[in-house]
Amino acid sequence: MMGPGGMSMGSLAFDEFGRPFMILKDEMMQNRLTGTDAIKSHIIAAKAVANILKTSLGPKGLDKLMVSADGDVTITNDGATILKQMDVDHQVAKLMVQLSQSQDDEIGDGTTGVVVLCGALLEQAEHLIDKGIHAIRIADGFELAAQCAIKNLEKIADEFVIDINNTENLVRTAKTTLGSKIINKCHEQMANIAVDAVMAVADMETKDVNFELIKVEAKVGGQMEDSMLVKGVIVDKDFSHPQMPKQLKDVKLAILTCPFEPPKPKTKHKLDVQNVEDYKKLRAYEKETFEKMVDQVKAAGANLAICQWGFDDEANHLLLQRELPAVRWVGGPEIELIAIATGGRIVPRFQELSAEKLGSAGLVRELTFGTTKDKMLVIEECKNSKAVTIFLRGGTRMIIEEAKRSMHDALCVVRNLVRDNRVVYGGGASEISCALAVSKEADNIKTIEQYAFRSFADALEQVPLALAENCGLPPIETLTNIKSRQVAENNPALGVNCMEQGTDDMKEQSVIETLHSKKSQIQLATQLVKMILKIDDIRSPADM
């Protein structure tokens with residue numbers, strides 16, 4: 001018998017009664033798990049990954065330190081980053097990594113919670129399989145329970161008014177996201193920066209945010225409190241000559257992708273210089289070309305040249321003499337952002353330069369940092385204020401990297417709130433409320449899926465249990481207390497008070513999460529669990 005590509009899979013044989021059977025090729029060279037053993041091996045791998053992340057959940061969650069093969073150290077409690085940098089071999093563990101990544105790509109936040117929930121669901125599925133319930137019935141029950149939980153989330157969700165002039169609600173939501181990060185000591189300032197950045201570029205009519213207009217720059221040194229939002233562009237370059245002015249006002253920018261140098265022959269011919277006269281002529285031609293280029297830029301009305309390519313010392317000196325400040329070696333993405341911010345056009349040839357193609361900015365200044373005298377250029381007061389730059393500072397490179405990841409999460413949460421302004425309350429409050437709703441619904445189900453419903457409710461409770469445990473509270477006691485109060489007071493905003501200050505009402509504590517994020521967590525985790533439960537046969541090479 002031939003497989004795909006003409007390879008032999010095995011041979012067909014018959015027993016003494018004439019019944020056919022297959023003799024598979026290289027069967028001894030393969031490992032094979034089937035039925036319940038296959039599902040259980042998947043569940044063990046997924047639980048191992050979930051248990052690693054469980055301790056990183058919540059504001060008191062612990063950080064993980066990862067060392068790459070090159071010796072690079074990363075310290076973070078961001079679920080997606082931890083899993084991305086872990087060296088995972090098991091197939092299902094790799095699916096957990098992809099689950100966290102898809103939550104990060106779609107939502108930007110909740111990457112730890114989605115993995116913890118998935119691990120809890122698979123743990124509950126294991127108990128149900130031990131009771132003798134078929135994996136397909138469990139998967140179908142989980143799917144129905146997830147729909148019930150999402151309906152409950154939509155019922156308990158509150159609507160936030162998104163107003164450009166009053167961004168307090170957005171700041172409160174961003175602060176919740178940043179509360180579990182390393183930068184929580186100045187999370188008020190960071191939340192304001194994130195909200196201001198999103199509001200500057202948000203299109204309130206289409207309810208969308210273009211993240212390409214928000215650039216995040218970072219510089220090691222200084223304190224985290226020195227971070228700021230620039231309504232313009234920051235470029236990690238300085239003026240090409242140290243004697244050029246450090247600050248320019250009412251700037252007209254020529255954005256060039258052509259170099260300040262004489263044209264080179266594009267043929268394979270050589271240019272032979274045989275005597276002094278030839279050399280002098282060549283020097284004169286070069287100088288004349290440089291002067292012509294500078295004159296063309298000046299004639300267009302520009303008083304600053306931003307060049308994607310470099311230029312030599314002679315051209316640099318000529319630019320200084322002609323009082324035309326310039327910046328060289330500016331990268332492609334920065335060039336595009338400067339063009340968007342200043343309303344200028346990117347010019348590929350000096351001959352095409354004209355006054356209409358120049359960008360305009362109110363202020364261009366050079367920043368100097370610390371004793372290293374590192375310099376950066378800030379282009380502010382631009383014509384199109386929709387391009388903004390978040391400038392982060394921090395003591396070490398690791399803190400800077402974690403601050404970047406935290407800022408990305410905060411930006412994503414604010415963007416999600418602009419898209420869908422409904423919120424639920426954190427601290428495990430929404431999970432407990434959904435667990436109660438799913439348990440109640442289980443009583444109305446006459447089929448065997450009611451077991452899956454109750455197990456789904458137990459899995460949802462793993463999130464508040466993990467939160468309480470990470471905060472040093474007695475987990476089961478805390479959970480039972482909040483559950484009974486939610487039922488008695490009919491208040492779905494009661495959750496785990498991780499800071500142990502004030503009330504357990506997460507609405508008053510301003511612990512807020514977007515509805516979009518919570519729904520996505522439940523949907524993605526349930527989809528992956530369904531997929532894992534439907535695998536009953538694993539074939540792998542013997543050496544794996």
Side-chain angles (χ1 to χ4, degrees), residues 45-46 48-57 61-112 114-116 119 178 180-185 190 211-212 214-224 226-227 234-238 310 329-334 337 369-376 389-412 540-541 543-544:
V49 174
N51 288 335
I52 290 168
L53 287 197
K54 201 180 269 188
T55 54
S56 292
L57 193 67
L62 303 174
D63 289 357
K64 304 281 183 274
L65 185 148
M66 275 131 343
V67 184
S68 73
D70 303 333
D72 290 338
V73 178
T74 305
I75 300 174
T76 183
N77 69 353
D78 179 59
T81 309
I82 294 168
L83 290 180
K84 204 191 293 180
Q85 303 219 354
M86 270 169 49
D87 192 11
V88 178
D89 282 335
H90 196 280
Q91 310 87 337
V92 171
K94 284 177 182 170
L95 289 177
M96 297 286 270
V97 175
Q98 289 169 14
L99 169 74
S100 159
Q101 197 56 51
S102 59
Q103 174 77 9
D104 194 37
D105 294 343
E106 180 65 23
I107 307 296
D109 190 32
T111 50
T112 310
V114 72
V115 175
V116 170
L178 295 170
S180 62
K181 309 292 183 188
I182 202 167
I183 61 174
N184 62 0
K185 65 177 183 132
M190 292 295 185
F211 270 3
E212 287 184 7
I214 302 174
K215 188 183 173 207
V216 180
E217 275 285 342
K219 197 81 176 171
V220 176
Q223 297 178 315
M224 216 174 278
D226 298 337
S227 301
I234 292 183
V235 187
D236 195 1
K237 301 287 171 197
D238 56 352
W329 299 120
V330 180
E334 283 93 349
L337 211 57
F369 302 102
T371 53
T372 55
K373 294 284 184 273
D374 281 346
K375 295 182 176 72
M376 290 177 107
T389 305
I390 296 169
F391 185 49
L392 299 172
R393 305 297 312 275
T396 65
R397 189 182 61 80
M398 280 180 285
I399 288 176
I400 284 283
E401 291 300 320
E402 183 66 357
K404 269 189 178 179
R405 286 189 285 270
S406 308
M407 185 54 74
H408 172 261
D409 286 4
L411 290 169
C412 287
S540 57
D543 56 351
M544 277 187 75

Provide the closest heavy-atom pair for [X] versus [Y] in the form atom of the first, atom of the second, distance.
X	Y	answer
A218	F391	C-CE1, 4.4 Å
L83	V115	CD1-CG2, 3.8 Å
I214	I390	CG2-CD1, 3.9 Å
T111	G79	OG1-N, 3.4 Å

Inset, instruction - Keeping to residues at least two apart or across chains, list the salt bridge (charged side-chain N to carboxylate O under 4.0 Å, His left out) pairs with something in residues 395-408. - result: E402-R405
Inset, instruction - Can you run down the salt bridge (charged side-chain N to carboxylate O under 4.0 Å, His left out) pairs that involve residues 95-104, sequence neighbours left out, and say none if there aren't any? - result: none
Taking side chain as C-beta onward, heavy atoms only, is [X] less than 4.5 Å from [Y]?
X	Y	value
N77	T112	no
K64	L53	no
S56	D63	no
V216	H408	no
M190	S406	no
V114	L99	yes
Q103	D109	no
K219	M376	yes

Legend entry - Residues K84 and S100: side-chain donor-acceptor under 3.5 angstrom: no
Inset, instruction - Using distance alone, with no hydrogens and no angle criterion, decide if T389 and E217 have a side-chain donor and acceptor under 3.5 Å apart. - result: no
Legend entry - NZ/NE/NH1/NH2 to OD/OE distance under 4.0 Å, K215 and E334: yes
